[in-house]
Protein chains: 2
Amino acid sequence: MPPLGLLHMRAWASLFNRLLRPSGVVCIREVHFHSQGTRDLSPQQMVVREKILDLVIGCFKRHGAKRLDTPAFELKEMLTEKYGEDSGLIYDLKDQGGELLSLRYDLTVPFARYLAMNKVKKMKRYHVGKVWRRESPTIVQGRYREFCQCDFDIAGQFDPMIPDAECLKIMCEILSGLQLGDFLIKVNDRRILDGMLAVCGVPESKFHAICSSIDKLDKISWNDVRHEMVARKGLAPEVADRIGDYIQCHGGVSLVEEMFQDSILSQNKQAIEGLGDLKLLFEYLTLFGIAEKISFDLSLARGLDYYTGVIYEAVLLQTPAQAEESLNVGSVAAGGRYDGLVGMFDPKGHKVPCVGFSIGVERIFAIVEQRMKTSGQKIRTTETQVFVATPQKNFLHERLKLISELWDAGIKAELLYKNNPKLLTQLHYCEHMGIPLAVIIGEQELKEGVIKLRSVASREEVAIKRENLVAEIQKRLSES
Amino acid sequence: MPPLGLLHMRAWASLFNRLLRPSGVVCIREVHFHSQGTRDLSPQQMVVREKILDLVIGCFKRHGAKRLDTPAFELKEMLTEKYGEDSGLIYDLKDQGGELLSLRYDLTVPFARYLAMNKVKKMKRYHVGKVWRRESPTIVQGRYREFCQCDFDIAGQFDPMIPDAECLKIMCEILSGLQLGDFLIKVNDRRILDGMLAVCGVPESKFHAICSSIDKLDKISWNDVRHEMVARKGLAPEVADRIGDYIQCHGGVSLVEEMFQDSILSQNKQAIEGLGDLKLLFEYLTLFGIAEKISFDLSLARGLDYYTGVIYEAVLLQTPAQAEESLNVGSVAAGGRYDGLVGMFDPKGHKVPCVGFSIGVERIFAIVEQRMKTSGQKIRTTETQVFVATPQKNFLHERLKLISELWDAGIKAELLYKNNPKLLTQLHYCEHMGIPLAVIIGEQELKEGVIKLRSVASREEVAIKRENLVAEIQKRLSES
C-alpha cells in the first residue's frame, strides 16, 4: 500500500530530523514534526500550553476583554492585499465548488471583517486560535506552518493613546507574569517612519517596499538591508545612508524630544503627529510604571501593510542561560494601530480605529518546554487523584462499583482494565503516574464494610468505613 | 470595489437568512451565518461554550484522560477510505506545491494516525477541536461546515468491554451533568449487524452500502430506506423485509438473551460474538448504575467504515418544551469500537484496539443557547470586578495610576478611554455591564488620601484609605 509506505518513510524522516537537530534546539519528548510542516502536540506539551494560555487569558480578562471566535477559513478575497510581501504564505483551499476560501493568516483581519460585517463600532476582544502560514518551517526557531496566536485588540473611537498605553501595559503584565527573564518593547510610529522616509528622499511609491526591508533588520545586517534597498529596490545610495543614520537611533522619551528638534524630520507634518502621540504615550506609560520597559526605536518597521500609527514589538533580552542554549526566539509579541483596516471591509468604507497586539505564544511555549527539558522536570499529564485496586482475583465487579461511587462524587479516579491485575502492578501504576491516593478492596474489607485508603507516597494504609470513604478522600485532597 | 460589493450582498443575505428562519430555530443575537457555511461566534456564545466545554473536559479528566492535539490538516492520503460515503465531504487544500493536504473530517482518524506514527500501544486521551465538512449547511439543525468536537478514546489491548463500559458511563455523566433532559443511549454491534445482514441474505460486498442505508433511519422512514436498498442498492425485496423485521427490535439486556435464542441469527458466529460482548457490557453497565439508560437497538448502524465492534449513539428524549420549539437535535453523542483503524496507518499493520466516542457539542450549544434565548437570561461577557471613575475634569492621570494599582494586584478593572467622561456615563456603564464595584477618585478624595468605594447594585458608597483599598476590594469580592 503506497500511502503506508510513504508514511513509513516519513516516520523515519521525522525521526532522523529529530535526531539530527543541533543541540539546544527546542525538542521535547514526543514532538513529531510532519513533512507538511505541522506537528502533533503531546500530552506533556498540552499541559505546558494550558498553563501558559491560562495566564495570558487571565490577563486579557483582567482588562475587561470579551472572547470572540471566527472560522479557520475566510473568503479568499477578504485576505488579499492585507499582508504585503507575506501574501504568498496564505493557504488556499481547493476549489470544490462554491466560494474561494483561504485559511486565516492571522486573527487581526478576521476581527476587522467581523466588526465591519456586524457594524460593531466599539469592542475590546481577545481571540486565542490557530493560524496557518506556508513558510518553509524552520524548526530551530520553533516555527511551524500551523501555530497558535493570542490576540488582544481595542476597537473604537477614543481619546488618543489611552487604549494604546493599555495594550503595552498588558504586554508587560503577560511577559513579567510568565517570568521569561528581562524584556524590552520597541515602539515606533508608521507616520514617523513614513515621515523619515520622505525627508530622506524615498518616493512614496516605495514606502511599503522599503519598510519591509527595514523590517528585516532583526534577521540580517544593515549592510545587507542597505544592499537590498539599493540593488533590489532601486534606492539611491545616499538616500539609503540617510535612512541608516536615523534607524540606528533608539532611546526613551528623551529621544522623542530630540526628534522634535531634528531640523529635517520636524519639517514633516506626519512625523510631527506621530512624535506628538508618542510623547503622550510615554506620559501614560510612566503612570503605568512601565516606561523603562519601552524603547523608542526608529528601526522598528513591522512588515504588515495595515498599520497606520504606533507600532511595537517585544523582544526578550537573552539571559546567559538562554544564550548557551542558543535558542533564538526573536520577538515574542507585537502589534500596533490599524485605523484603516475595518473600513476596507465596510461597504460604505466607514472606519473603526483599532489598536492591538498578538502574543507569539509558540515561541514562549518553546522556551518553557526547553527549560523543563534542561531542568529534567517531570510533568504530570493526568489529574487522577485516586486509584482503585484489589489484591484479590475475581474482584472486578467490586472495583467497578467502587470507582463508580468515586466518579459520581466528582473524584478523579482510575483502575486497570484487567479482570485480575497483580496488586504490585496496580501500585506501581500509581507511583509511575503520580497518583496520590489508592483505595484497596478485598475479601476482608468487603466483609467488614471498610475500604483500605493508602497514601501512595508514604505507603501508609488505614481502613475507612465505606460510607465515610468519599468524605475522607475529599478531606485528604483538600489538605494536600 | 467588487469584493466589498459582494460582502455587502452577503451581509444582507445573512441578515435575511436570519430574519427568514422558522421560529424556534437556534439563532441568538450576533449569530452570523456566512455564505461559505461557517459563522463567527459572539462573546455571548463563547461564554456558553466555555461553560459547557469546562464540564465536558472536567469529566474527561475525572476519568484520567490526557489531552492531545493534532494539526487542522492531514496528508490527504491519510483520510481516504476511512469515511465511506461521506468521503465527498472532505475539504482539500489547494495544491500550492508540496504534499496534498485535507482538513480533518473528525478527530478519530488523526488519533489513530498519531498512535501508529508514534508507536503508542496504550493511551487514554481526549481532544477538543474543530473539524470541517463540506455539507450543505442546514442551520435549522445548528449544523455548520466548521464545528467543534469533543472526543474521548481508549486505545490498547485490555480485557473485553471494561473500557467500552467506561465510555458509556462518561457519556451518561456528561449528558446528566449538562441537564439536557432525559436521554437514551442506543447500542448495537457491527458484528451483530453484519451477522444479521448475512442471515438475511445480503451479499458481503453490499454490507457497507446497506449499513449506510440503515444509518439513515433516524432521518427518513423505513419505507424510504427499504426503497433505497431495493431500487438503488439492488437488494431482493424479501431480503429487505427480513432486515426490516430485525431492525425494529430494541430493548434491554433481555433482548440480548432473546437474540441468543433466535434460531436464524444464532447460527452466525460473528453475531454470537457480538451478543456475548453486549451481555458482558450490560453486566458492567448495571454495576455503573446506568443500564436503564441503555437500549440495545438493532437498527443502529453508524455510517463510518472503521467501526468493528460495539457502536452507540446518545439521543435526547424531547421534552414537551423542546418539542414546542421544534428544535430537532438528533443524536448528541456517538461512538464505538474500531480495532482496525490504527493498523491501517502502521507500516507493518500492527493493530491497536480502540474504543471511544465524540460529543456533538454544537448541538448541545444550540440547545443551551435556545434555552437562554427563550428564558431571556442576560449573559455577562466580561468578568470585570471594579470600574475606576471620577467626577472631576482633568483626572485621567489619577485614574490611570489607580487602575494600574488594581491591575497589578490582580483585580479585573476597567475605565472609560476618555479624558473627561461624565460621572453619570461612567456609572451607567457599570450598571449596563454588570460590574459589581466602582472606585471613585476626585479632588476631595485625593486631598484626604482616600478612595470612594461604591457598590453598583445598592449604590452605597464608603470612603476607604487608599492603602487599604485593594484589601477591601478583595474582601468584598470574596464575600459576594
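This is a predicted model, so every value here is computed, not measured. All chains are named by letter (A, B, ...) in the order of the sequence lines, taking the proteins before the strands, and each is independently numbered beginning at 1.
- The shortest non-hydrogen separation linking B:I411 to A:R62 is O-CG, 3.2 Å.
- Using a 4.5 Å cut-off between heavy atoms, A:I90 touches chain B through its backbone atoms (N, CA, C, O) alone.
- When all heavy atoms are compared, the tightest approach of B:D408 to A:E173 is OD1-OE2, 4.1 Å.
- For the residue pair A:E146 and B:T70, the shortest heavy atom distance occurs at OE1-O, 4.3 Å.
- Both the backbone and the side chain of B:L400 come within contact range of chain A, with heavy atoms under 4.5 Å apart.
- Side-chain contact between B:E414 and A:K124 is present, with heavy atoms from C-beta onward closer than 4.5 Å.
- Interface summary for chain B: among A:T382, A:I290, A:D92, A:T381, the most heavy-atom pairs under 4.5 angstrom belong to A:D92.
- The part of B:Y126 that comes within reach of chain A is its side chain, from C-beta onward, which places non-hydrogen atoms under 4.5 angstrom from that chain.
- A heavy-atom distance below 4.5 Å is found between the side chains of B:E283 and A:H397.
- Heavy-atom distances place no part of B:R49 under 4.5 Å from chain A, backbone and side chain included.
- The structure places CG of A:L416 at 9.5 Å from CD1 of B:I162, a figure rounded to the nearest 0.5 Å.
- In this structure a side-chain-to-backbone donor-acceptor pair under 3.5 Å is missing from B:Q96 to A:G88.
- For the atom pair CZ of A:R380 and NZ of B:K66, the computed distance is 10.5 Å after rounding to the nearest 0.5 Å.
- Residue B:L103 touches chain A through its side chain alone, counting heavy-atom pairs closer than 4.5 Å.
- A salt bridge links B:R113 with A:D40: at least one charged nitrogen is closer than 4.0 Å to a carboxylate oxygen.
- By number of non-hydrogen pairs under 4.5 angstrom with chain A, the leading residue of B:I170, B:T286, B:L93, B:V386 is B:L93.
- In this structure, chain A has a heavy atom under 4.5 Å from the backbone of B:A65, while its side chain stays farther away.
- Not a single donor-acceptor pair under 3.5 Å links the side chain of B:R125 to the backbone N or O of A:P43.
- Looking at B:I154, the atoms closer than 4.5 Å to chain A (heavy atoms on both sides) all sit in the side chain, from C-beta outward.
- Between B:K418 and A:F158 there is no side-chain heavy-atom pair separated by less than 4.5 Å.
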Audit row: A:R39, B:D69, salt bridge (charged side-chain N to carboxylate O under 4.0 Å, His left out) steps and yes/no: CA-CA 9 Å; A:R39 61 174 173 173; B:D69 190 34; over 6 Å; no

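- Proximity to chain A (any heavy atom under 4.5 Å) is shown, for B:E398, by neither the backbone nor the side chain.
- Only the side chain of B:M433 comes within contact range of chain A, with at least one heavy atom under 4.5 Å from a heavy atom of that chain.
- Ring geometry, A:W132 versus B:W132: the interplanar angle exceeds 60°, so the pair is classed perpendicular (tilted spans 30 to 60°).
- A heavy-atom distance below 4.5 Å is not found between the side chains of B:L396 and A:D159.
- For the set B:K169, B:E166, B:Q385, the entry with the most heavy-atom pairs within less than 4.5 Å of chain A is B:E166.
- Residue-environment remark: CD (A:E81) stays at or below the threshold of 12 foreign heavy atoms within 6.0 Å.
- Per-residue counts of heavy-atom pairs under 4.5 Å with chain B were compared for A:E405, A:E74, A:K61; the largest is that of A:K61.
- With hydrogens and angles ignored, the 3.5 Å screen pairs no side-chain donor or acceptor of A:E383 with any backbone N or O of B:G64.
- Two residues are said to be in side-chain contact when any heavy atoms from C-beta on lie closer than 4.5 Å; A:D95 and B:K94 fail this criterion.
- Within the 4.5 angstrom heavy-atom criterion, no atom of B:L100 approaches chain A.
- Summarising the geometry of A:I403 relative to B:F288, their closest heavy-atom pair is CG2-CE2, 4.2 Å, with the distance given to 0.1 Å.
- For a residue to count as touching a neighbouring chain, one of its non-hydrogen atoms must lie under 4.5 Å from one of that chain's; by this rule B:K130 touches chain A with the side chain only.
- Rounding to the nearest 0.5 angstrom, the gap separating the NZ atom in B:K412 from the NE2 atom in A:H63 is 12.0 Å.
- The heavy-atom pair separating B:P71 from A:T38 by the smallest distance is CG-OG1, 3.4 Å.
- Side-chain atoms of A:K122 and B:Y417 include no donor-acceptor pair closer than 3.5 Å.
- A:M123 contributes atom CE, which lies 8.0 Å from atom OG of B:S42 (distance to the nearest 0.5 angstrom).
- Using cut-offs of 30° and 60° on the angle between ring planes, the pair B:F73 and A:Y91 is tilted.
- For the atom pair OG (B:S404) and CG (A:L287), the distance works out to 8.5 Å, reported to the nearest 0.5 Å.
- Heavy-atom distances place both the backbone and the side chain of B:K401 under 4.5 Å from chain A.
- Your options are A:G289, A:G410, A:G98, and the one with the most heavy-atom pairs under 4.5 Å with chain B is A:G410.
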